[in-house]
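What follows is a short report on a single structure.
Keep in mind that this is a model prediction, so the values were computed, not measured. Computation of the quantities below employed the complete heavy-atom set of this structure, encompassing side-chain atoms and omitting hydrogens, waters and symmetry-equivalent molecules. Residue numbering restarts at 1 for every chain, and letters A, B, ... go by the order of the sequence lines.
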Number of protein chains: 2
Amino acid sequence: MLDTSTDNAPEPVMQRPENWPTVGVSVVIFSLQLTEEERRLSVLLVRRDAPPFAGMWALPGGWVHYGEGLEQAARRHLRTKTGLRPTYLEQLYTFGQPGRDPREHRIAVAYYALVRNDEHELSAAPEREARWYSVDQLPAPLAFDNDAIISYALWRLRNKVSYAAIAFQLLPPTFTLTQLREVYLAILGTKIDPTNFRRKVEASGTIVPTGARVEGGAHRPPQLYRCTLSPDQLFTGPPS
Amino acid sequence: MLDTSTDNAPEPVMQRPENWPTVGVSVVIFSLQLTEEERRLSVLLVRRDAPPFAGMWALPGGWVHYGEGLEQAARRHLRTKTGLRPTYLEQLYTFGQPGRDPREHRIAVAYYALVRNDEHELSAAPEREARWYSVDQLPAPLAFDNDAIISYALWRLRNKVSYAAIAFQLLPPTFTLTQLREVYLAILGTKIDPTNFRRKVEASGTIVPTGARVEGGAHRPPQLYRCTLSPDQLFTGPPS
DNA sequence: GCAAAAGTGTTGAAGGTACACCCATGT
DNA sequence: ACATGGGTGTACCTTCAACACTTTTGC
C-alpha cells in the first residue's frame, strides 16, 4: 500500500498539504496455497519499488480518491495491482499512528479479503511483483506497520471463522467436507474431529449436499457440498 | 462531529483542497442515566450550531490534526466539547461514504466510549449544548449518518458485553451484583436470572467481594464487589 | 411476623467431545 | 482381502436455564 507512483487518476502527490493527514487503504488478502501436499493460509504481498521502504514487501493498497467509498477504493487497488476481485471483503481497522509512514501522516483503513483458489490468476498485467506468503513464513520486516495489520487480520479471521460461515469463501463453489475441515485446520491450526465437524456443520444448515460425488479418489468417494448462503448473508452486523 | 467552527488549533478550513477526502472522528459515548426509577442506556449528543445540519443533534467529534493519533484526537474532542475523559474508548468502524457529508467528502473514524455515572459533570465549559438521550428515544433525524453509527455501536456493545468484561466501566469502582445485573439489563434489554448471573460472574473471577456491605437499604444488605481487571486487560485483541 | 432482596442447592435439557463402529471404494 | 477415508451411533461430560428453598435485614 501507500505507494505514490502508479494509480489510475492523476494525483498531485507533492501538492498535498502537510497540515492534514491523508487517507489510504490496505488489504490483507487471505487464500489457501498448496505447499508440499498441504494447504497453507497465505497472504498476498507486493514488492515496493519506490521509497519509503523501497524493495520491501507490503500489503496491496493505495490512495482513496475524493468521492470514492472506502471499500470501493480497496476493490479498485486490488483490481489494478493484483487483478483480484474478492467476493468477501470486510473492513478490519483504521491505523492512524502519525509515525507509521516516515514521510507524512497517513491514515490507513485496513480491509481483509478472502479469495478462492481458482481465482488466483494474479492479474493479466500485474503492475508490480506479487507473491503469496504463508502466514507463518512472512518476510522479516514488512513495510510500514504492515506486520501489525496482518497480525490483527489473522486474529480477526481466526475469531470470525469460529462463529461465522466464511470458510466457504476460500473454497470452490462445491467442496467436500474434508476440504472444508482442512480450511479450518489451515486457519486455526488445530485438528478437528471429522465426526463432530460433520454434525456441527450439517446441523447449522449452511451447507447442503449436491448429490454429486468426487470420482477418481483412491477410496470411498465423498459427497460434494455447496454453501446455501448468499453473499449478503455472510456479513454479521456491520453497516453498509 | 464534523463541525468546522470551533477547535483548538488554527485550522484553515476553507483552504482544504477539494480533491482529497478529509478525516474526522466521531464518538458514541454510552452511559447509564437514571430516568423514573430506572437506569437507561444513553448516548451523549451535542447540538450543531453551524451548517450543515445546524440545530440538529449529532455525535461529538471533529477533525484529526496532522501528527495526531486517532484515539488521541477522539479524546481531545471529548475533553474540549464535553469535558469527559472516558476510561474505555475503542475504535468502532470507519465510515467513508462520499455522500455522508453534503459539503465535501469526509471520512469519519467512529469510536465508542463507556463512562461511569460519577463522571457525569458535563464539562466546566461545554462549548455547546449537550444532552444524554436514551438509546430508544433518540431525536428523530440525526445529523449526517449518525443514526447508522449509533446503531452499529449499540450492536457492538451488545455483542461485546456478552463475552468481554466491560460492563464494570459503566459503574463506580465498587458495586453490588444487582447493580451489575441492571447494567446488563439496560444494555441487552433481557431479564437475567439473579441466581445464575451470580454464579456465572463469580466463576469468571473478574470480580471479587470487598467485604464491605451496603447499609441503609430497606432489606438485607448486599455485598460490594470490585473488578479485578486492570484497564489494559479489557481490550481483547485490537492493536495499539 | 412479613415483605423484599440476598444468597444456596438441585434438577433437567442442550451441546460438545471422545471414540467405537460400519460403509464404500481402489489396489 | 485390506487399507483408507467416508459416514453413523452413542456414552459421557460440561454448561446453563429454571426454580424451589433458605437467610438476613427494615418495618
Measure the distance from CD1 on I192(A) to P on dG6(D) and round it to the nearest whole Å.
14 Å

Looking at H219(A) and dT4(D), is any side-chain donor or acceptor paired with a base atom of the opposite kind under 3.5 Å?
yes

For atom NZ of K191(A) and atom P of dT17(C), their distance in whole Å:
16 Å

Gap separating the CZ atom of R156(B) from the CD atom of E90(B), nearest 0.5 angstrom:
5.0 Å

Please examine the side chains of V183(B) and F168(B), heavy atoms only from C-beta on, and report whether any two atoms are closer than 4.5 Å.
no

Does the side chain of L157(B) come within less than 4.5 Å of L114(B)'s, by heavy atoms?
yes

Protein-nucleotides 13-15 of chain C N/O pairs closer than 3.5 Å?
none

Check: R116(A) side chain, L171(A) main-chain N or O, donor-acceptor pair, under 3.5 Å:
yes

Non-hydrogen side-chain atoms of T228(A) and I207(A) separated by less than 4.5 Å:
no

Please examine the side chains of L89(B) and V27(B), heavy atoms only from C-beta on, and report whether any two atoms are closer than 4.5 Å.
yes

How many whole angstroms separate atom CD of E202(B) from atom P of dA6(C)?
13 Å

Whole angstrom value for the distance that separates P of dG5(D) from CZ of R198(A):
15 Å

Tell me whether E129(A) is salt-bridged to R131(A), with the criterion being a basic N under 4.0 Å from an acidic carboxylate O.
no

Interatomic distance, L180(B) CG vs dG7(C) C1' [rounded to whole Å]
16 Å

side-chain hydrogen bond (donor to acceptor under 3.5 Å, both in side chains): pairs with one or both residues in residues 178-189 of chain B, sequence neighbours excluded
none

Within the sub-3.5 Å range, which N or O atoms of nucleotides 19-22 of chain C have a protein N or O partner, and how far apart are they?
{"residue": "dC19(C)", "atom": "N4", "partner": "T195(A)", "partner atom": "OG1", "Å": "3.4"}

For Y152(B), which of Y93(B), Y112(B), Y111(B) qualifies under ring pair (Phe, Tyr, Trp, His ring centres under 6.0 Å)?
Y93(B)

Give the rounded distance in Å between these two atoms: NZ of K200(B) and P of dG9(C).
21 Å

To the nearest angstrom, how far is F197(B) atom CZ from dC19(D) atom C1'?
19 Å

